[in-house]
Every structure is written in C-alpha cells, then in structure tokens.
Amino acid sequence: MSEIVIRKRVTLIEEIFHEGGKPAAQPLRRGAILCAIRNPFAGRYVEDIAGFMDDLKPLGVAMAGALLKALGGDPGAIQGYGKGAVIGASGELEHGALWHVPGGYAMREILGEAKAIVPSAKKVGGPGARLDVPVTHINASYVRSHFDAMEVGIPDAPRADELLLALVMTTGSRIHARVGGLKASEIKGEDGLR
C-alpha cells in the first residue's frame, strides 16, 4: 500500500457564453480538478502496480466531490465527464492507466446514476504539459452534442517523479451543438452507449 502524497491541487471552472453565435440561454460550465502527486514507481520498473489503484480510490472520490461542489453541488446538473493523467518523465504511460478505475468510478459514485464509460487520455510529459481531456455524456457515450474536451494543465507539474491526475465535468452540450446524432432527450439508458 502506497501513501498518496499530494503536492498541489488546482480547480478550474470555465463558463462559455457563446462560440461565435448568439449567447446561450444558459452558459456551459466546464470544470476540472487536478492533483499533482508523487509517483511511487518513478525511476524504476515495477511489475505489480495494480494495487495502487485501490490506494487512489479515496483521492478520486475526494476530487470528484470537490469538483462537483465547485460546479454548484447538484449531481443532476452534470451532463458530461472525462478523466486524464500526465505522467512525469521518470514514469511510464502505464502509471497513468492506474487512474482509469479510481477516477472513473469516483465520478460515478458522486454523480449517482451515470452509466457511460468515462473517456480518458494520458501521456508522458514535463512540467506545464497540457492534456486534452475527452468528455462524453454521463449516460450515453453516443450523444454527439456532448463530444467535447477540456484542456488542462499546471505550469509546474508534473515534475519527473509525479503524476498529474485530472477529472472533468460539464453541465451541458457544446454551445450551439448542431451536427445531429443521438440527442440527450433520446437516451434509452440501457447500456451506457445509447
């Protein structure tokens, strides 16, 4: 069992009023929470790393709860989500994959009835690396209006021996979404896809 050592946590909230057209009746809110933590596997190859996912679960729940609170605290207002990780240069891509389970399940736990898979991105990068965290609708991955991404990063993270973990939530579709496809009002809720 590895201790989670947090160096820094950052919460970002965006409000998008328009994308070139008329202002939306309700601005889209996108939020991200990021934690720079020590990577217990940095600088060496470790075969059995999967147990660290269990260690990360409380952090995931705390991050998801803090992000929901920053977005107003109402789970019913959240329509989209995503997660991601940037691994410092002394780590490996697989260390970012450890965030898949604790990050995704934390948001599902906090949001309640979310059914769709939580999309993810990860990469190895240095301090200031930016990551486009993909976003989909929380109940149906095929809702085209909610295909989005939020660019996140911290200027001094990740350091070589760190992981930068991110969660993203949104309150709606892209502003002026109009390219067709499955609408949120048409979700059947059977499988997390449609």
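Below, all heavy atoms of this structure are taken into account, side chains as well, without hydrogens, waters or symmetry copies. Positions are given from 1, in the same order as the sequence printed here.
Between Arg174 and Glu19, none of the side-chain N atoms (NZ, or NE/NH1/NH2) sits under 4.0 Å from a carboxylate O, so this pair counts as no salt bridge.
Of all the heavy atoms in Gly60 and Leu167, the pair that sits closest is O-CD1, 3.9 Å.
Clustering ILVMFWY residues whenever any of their side-chain heavy atoms sit less than 4.5 angstrom apart, transitively, puts Leu165 in the very cluster that holds Val124. Note on Leu56 and Ile87: same hydrophobic cluster, where clusters join Ile, Leu, Val, Met, Phe, Trp and Tyr whose side-chain heavy atoms are under 4.5 Å apart, directly or indirectly. Linking Ile, Leu, Val, Met, Phe, Trp and Tyr residues whenever their side-chain heavy atoms come within less than 4.5 Å places Val152 and Ile154 in a single cluster. In the hydrophobic clustering of ILVMFWY residues, with side-chain heavy atoms under 4.5 Å counting as a link, Ile49 and Val5 come out apart. Taking hydrophobic clusters as Ile, Leu, Val, Met, Phe, Trp and Tyr residues chained together by side-chain heavy-atom distances below 4.5 Å, Val101 shares a cluster with Leu59.
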If you look only at distance, which donor and acceptor atoms sit under 3.5 Å apart when one is on a side chain in residues 64-76 and the other is two or more places apart or in another chain?
from  : atom 1 : to    : atom 2 : distance (Å)
Asp74 : OD1    : Gly76 : N      : 2.9

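By the 6.0 Å and 45° rule, Arg144 does not stack over the aromatic ring of Phe147.
The backbone N or O of Val86 lies less than 3.5 Å from no partner atom in the side chain of Trp99, so there is not a single donor-acceptor pair. No donor-acceptor pair under 3.5 Å is formed between the side chain of Glu151 and the backbone N or O of Asp132. Between the Tyr81 side chain and the Ala116 main chain, a donor and an acceptor come within less than 3.5 Å of each other.
When each of His95, Arg159, Glu162 is checked for a side-chain hydrogen bond (donor to acceptor under 3.5 Å, both in side chains) with Asn39, only His95 meets the rule.
Classified by interplanar angle (parallel below 30°, tilted 30° to 60°, perpendicular above 60°), the ring pair Phe41/Phe52 is perpendicular.
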